[in-house]
Student: 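Before I ask anything, let me first share the structure, which is written out below as structure tokens.
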Amino acid sequence: MPKTSLDFLASAPEVTRRLIGATLLVHGVGGRIVETEAYDREDPASHSFSGPTLRNAAMFGPPAHTYVYRSYGIHWCLNLVCREEGHGAGVLIRAIEPLEGMDLMRERRGLEEIRLLCAGPGRVAQALGISSAHNAMATSVPPFKLLPAPAKVKVISGPRIGISKAMDQPWRFGLEGSRFLSRPFR
DNA sequence: TAACCGATTAGCT
DNA sequence: GCTAATCGGTTAA
């Protein structure tokens with residue numbers, strides 16, 4: 001229990017930036033977070049924008065918990081809830097540098113190429129074995145393990161991917177120079 | 001009908 | 001090496 005534990009109560013972009021470089025494991029499988037995106041309540045691109053529904057309920061639950069949703073009817077995507085309970089903000093985990101449980105991740109993804117194992121939110125969820133069963137769970141207890149980033153990570157930012165609103169907000173964050181990003185920053 | 005996307009294909013530098 | 005286009009499913013406005 002490091003005293004430098006992550007503060008999920010800060011603003012969504014702040015929490016999102018600080019998650020870059022953090023280590024995320026599920027049942028000991030995962031690695032270092034290298035790409036994230038912020039979503040907030042007053043944010044037309046956020047699932048929480050129009051208030052609570054059955055699907056996004058976890059976004060309005062306690063911080064440091066998960067919000068898992070189905071994307072385009074096919075993939076699962078993992079978010080971490082931030083700000084105070086009931087606010088409706090979260091961080092989308094977009095890419096991870098694979099470090100632990102490589103064999104299991106390769107098997108789940110049906111892929112050898114390490115660079116593409118977790119390069120994208122749907123890919124992250126598949127490699128880590130995330131599904132709706134992992135929705136609204138605390139990240140501080142098993143099967144989850146979340147370790148804060150080291151002090152000196154270099155973070156870059158840019159517009160979010162796959163949205164058509166609030167394009168002006170640079171709420172996508174990445175680890176500078178990482179080759180495990182879903183797409184490069186420019 | 002548009003979405004917090006991935007695999008594939010076709011084209012480019 | 002890269003980008004753009006296409007299509008596949010569910011959800012919810």
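Chain naming here is simple, since letters A, B, ... match the order of the sequence lines and numbering starts at 1 in each.
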Student: Check the phosphate of B:dA7 against A:Arg123, side-chain N and O only, distance under 4.0 Å to OP1 or OP2. Yes or no?
Tutor: yes
Student: Expressed in angstrom and rounded to an integer, what is the separation of A:Glu37 atom CD from B:dC4 atom C1'?
Tutor: 6 Å
Student: Is it the case that atom CZ in A:Arg55 sees more than 12 heavy atoms from other parts of the structure closer than 6.0 Å?
Tutor: yes
Student: Could you please name the option among C:dA13, B:dC5, C:dA12 that lies closest to any side-chain atom of A:Arg55?
Tutor: C:dA12
Student: Using a cut-off of less than 4.0 Å, is there contact between a side-chain N or O of A:Arg94 and OP1 or OP2 of B:dC5?
Tutor: yes
Student: Looking at the rings of A:Tyr69 and A:His47, which for Trp means the six-membered one, are their centres under 6.0 Å apart?
Tutor: yes
Student: Across the strands shown, which category fits A:Leu92 at heavy-atom distances under 4.0 angstrom: base, sugar-phosphate, nothing?
Tutor: base
Student: Reckon A:Arg160 has a side-chain N or O less than 4.0 Å from the OP1 or OP2 of B:dA3?
Tutor: no
Student: Would you mind reading off the distance between A:Trp76 atom CH2 and B:dC5 atom P, rounded to a whole angstrom?
Tutor: 15 Å
Student: Identify the heavy atoms of A:Ser131 and A:Val68 that sit nearest to each other, and give their distance.
Tutor: O-CG1, 3.6 Å
Student: Might you work through the side chain to side chain contact (heavy atoms under 4.5 Å, CB included) test for A:Phe180 and A:Glu35, ending with a clear yes or no?
Tutor: CA-CA 9 Å; A:Phe180 300 96; A:Glu35 186 181 339; over 6 Å; no
Student: Find the distance A:His75:NE2 to B:dG6:P and express it as a whole number of Å.
Tutor: 6 Å
Student: Linking I/L/V/M/F/W/Y whenever any side-chain heavy atoms sit under 4.5 Å apart, do A:Trp76 and A:Ile74 land together?
Tutor: no
Student: Find the distance A:Arg115:CZ to C:dC2:C1' and express it as a whole number of Å.
Tutor: 10 Å
Student: In whole Å, what is the span from the CG atom of A:Asn56 to the C1' atom of B:dA3?
Tutor: 14 Å
Student: For C:dA12, take OP1 and OP2 only and decide whether either is under 4.0 Å from a side-chain N or O of A:Thr53.
Tutor: yes
Student: For DNA chain B, what is the dot-bracket line, given that a base pair needs Watson-Crick (N1 to N3, plus N6-O4 or O6-N4) or G-U wobble (N1-O2 and O6-N3) geometry with both distances under 3.5 Å, and | means paired with another strand?
Tutor: |||.||||||||.
Student: So does A:His47 get a side-chain nitrogen or oxygen closer than 4.0 Å to the phosphate oxygens (OP1/OP2) of B:dC4?
Tutor: yes
Student: Does the ring of A:Phe49 carry A:Arg41 above it, NZ/CZ under 6.0 angstrom from centre and within 45° of its axis?
Tutor: no
Student: Select base, sugar-phosphate, or nothing to describe what A:Arg172 touches, counting heavy atoms under 4.0 Å on all strands.
Tutor: nothing
Student: Take atom CG of A:Asp40 and atom C1' of B:dC4, then tell me their distance rounded to the nearest Å.
Tutor: 14 Å
Student: Which atom names give the shortest non-hydrogen contact between A:His65 and A:Ala136, and what distance separates them?
Tutor: CD2-O, 3.7 Å
Student: The side chain of A:Ser46 lies closest to which of these nucleotides: B:dC4, C:dG8, B:dC5?
Tutor: B:dC4
